[in-house]
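What follows is a set of notes on a single structure, which appears directly below.
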Amino acid sequence: MKNEYEKMLADIACKVWDNPEPGFCEFESARIQTEFLKEQGFTVQENVADTRTGYIASYGTGHPVIALLCEFDALYGLGQNADVSEYSPNGKEMGHGCGHHLLGTGVIGAGLLVRDYLKDKESGTVMICGCPAEEAGSGKAYMARDGIFDDVDVAFSWHPSNFHAIATGSSQSCIQCYFRFHGIASHAAGSPELGRSALDAVELMDIGVNYLREHMESTDRIHYAITNSGGLSPNVVQAEAEVKYLIRSTTNPKCKKLYHRVIDIAKGAALMTGTTMDVIFDEGLSNTVVNFTLEDILDACFKEAGVPVYTEEDLAYAKRFYDSYEQPVTRDQLPAYVKDKTKLMQDIKTSPICSYYVETNHSDVCEMGSTDVGDVSWVVPTTTLNTACFSYGAGAHSWQWVAQGKSSIAMKGMLKAAEILAMACEKVYEDPSIITKAKEEFKERLDGETYECMIPDGIAPHVL
Ligand SMILES: [Zn+2]
Ligand SMILES: [Zn+2]
């Protein structure tokens, strides 16, 4: 990559790191990126799918159309001083603990390289998709629901990681919602018979769901948080109470079924307590449809590009963060799809940062956790790449990831991702049979099913 690009990209990533913002409120981050992209000759469409901060920056004309998925939101509770290898809050409410300042900027880097490639081509379009609210908010799901990816041939994404690898495997479908119970307040000692407790309903619902656990699939997950316990006075029968649920399963249809079983339990809790109940839908994500054809393209490009070259200084820097994490990485924590776990364990023991391209076996096994990339993968063949931007040890959503976010190793991982994504795009433009093959595989995997967004039509992008 040209030196001038590297400097511009590092500058953007650092500016976004300096301005960590929550989902659908990434105004400064989106402004920094869209202004740059306009200067670089991209046509920018803002506020896509009514997301406020979502944007599409396009370059080129006609097919093939390739979407590159960019993210830029941050996480609460992770304000941390840069480069300090011990817990050191910087007073900010948020921090880039998932490396999305790198993610978005790396995609922009790939976009610049693809733009240069497309300059003298007759046909071919690259769409940099600025997708807000990945951590909370389901930004891409709204964009997919709105048809943003309908005319796209293939989509690529990447994510900062502790490893240089292809991100294979599926992810869980999920629904997040609130159950709000309404009862009748009364003096808890003097006239309890007149009261109807919304807090009782929340407790009975949680107990009911905890009994449900024995009768659901082992890969289903249900989590909850009591968001309103009804107040601080035990001598009042609590008239209002609320519990937030996150329900996950391996596919959209299974997730919807599980969601309805949880609703039935909530209805039962309302009936038992003489209260009424509302379900307030918050967000929903689709499972990921894998695409081995595109994984093979990224694999070939990664092998060709090689991993970043680290200086002694980089390694000493990574070692400080590696040493800050006391939990040893064990073999059984490594993803099942890693081809040679012995080699990877050896690297983890001898190097503070991933020093080689970790080959993986194709996997369509559903990993625990969800991402809104899943929604894009239901509309268009989609694959994600990982590059190591951080030392071994602490994983995503840690202060260590925030602290390393402006470092030389983070930038090297980001620039490598940009290079590989651009190489993959060029391969697709040069050989459209890749698209045909990827689409055939996609069709086969959907097996007649079509994308149905997990978020109902009446729900708009929102911050709760
Ligand atoms: Zn994250
Ligand atoms: Zn992330």
Side-chain angles (χ1 to χ4, degrees), residues 13 16-17 19-26 29-30 33 51 53-54 68-80 92-110 128-143 155-174 176 221 223 246 248 282-288 335 367-377 382-390 393-406 410 413-414 416-418 421 463:
V16 175
W17 189 98
N19 289 284
E21 298 167 298
F24 296 130
C25 298
E26 312 95 328
S29 307
Q33 297 186 348
T51 55
T53 47
L68 298 173
L69 310 178
C70 151
E71 296 169 12
F72 37 75
D73 59 332
L75 289 155
Y76 282 102
L78 280 176
Q80 164 78 22
K92 286 189 179 171
E93 214 180 355
M94 310 202 78
H96 272 287
C98 211
H100 293 181
H101 64 299
L102 302 169
L103 199 170
T105 312
V107 161
I108 291 172
I128 296 176
C129 304
C131 307
E134 192 280 333
E135 295 291 356
S138 314
K140 294 184 198 70
Y142 291 104
M143 291 166 75
F156 289 115
S157 186
W158 80 285
H159 203 291
S161 171
N162 301 94
F163 306 105
H164 297 294
I166 305 301
T168 187
S170 181
S171 63
Q172 287 172 304
S173 166
C174 71
Q176 184 164 278
R221 294 285 186 274
H223 334 288
L246 177 50
R248 308 190 207 237
D282 185 16
E283 50 180 298
L285 301 174
S286 297
N287 61 291
T288 298
E367 303 294 323
M368 298 301 100
S370 310
T371 166
D372 61 1
V373 174
D375 284 79
V376 183
S377 77
T382 304
T383 296
T384 300
L385 167 83
N386 288 147
T387 63
C389 294
F390 312 103
H397 299 201
S398 61
W399 63 258
Q400 284 94 337
W401 272 35
V402 185
Q404 295 173 73
K406 292 169 98 172
M414 174 183 83
K416 185 55 73 177
L421 290 177
V463 181

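Bear in mind that the values here come from a model prediction, so they are computed numbers and not experimental data. Only heavy atoms go into these numbers, but all of them, side chains included; no hydrogens, no water, no symmetry mates. First listed ligand is number 1; within each ligand, the first listed atom is number 1.
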Q) With sequence neighbours left out, what residues match Glu71 under side chain to side chain donor-acceptor pair (under 3.5 Å)? A) His100, Lys140
Q. For Thr105, which residues count as a side chain to side chain donor-acceptor pair (under 3.5 Å) partner, sequence neighbours excluded?
A. none
**Q.** Non-hydrogen atoms of Ala410 and Gln404 that approach each other most closely
**A.** CB-O, 3.3 Å
Q | Residues which pass side chain to side chain donor-acceptor pair (under 3.5 Å) with Asp282, listed by chain and number, not counting sequence neighbours | A | Gln176, His462
**Q.** Atoms of the protein (N/O/S only) found under 2.8 Å from the Zn ion (ligand 2)
**A.** Cys98 SG, His100 NE2, His159 NE2
Q) For His397, what is the atom name of its N, O or S atom nearest to the Zn ion (ligand 1)? A) NE2
Q | Any donor-acceptor N or O pair under 3.5 Å, side chains Thr382, Ser377 | A | no
Q: Measure up the Trp401 and Phe390 rings against each other and bin them: parallel (under 30°), tilted (30 to 60°), perpendicular (over 60°).
A: parallel
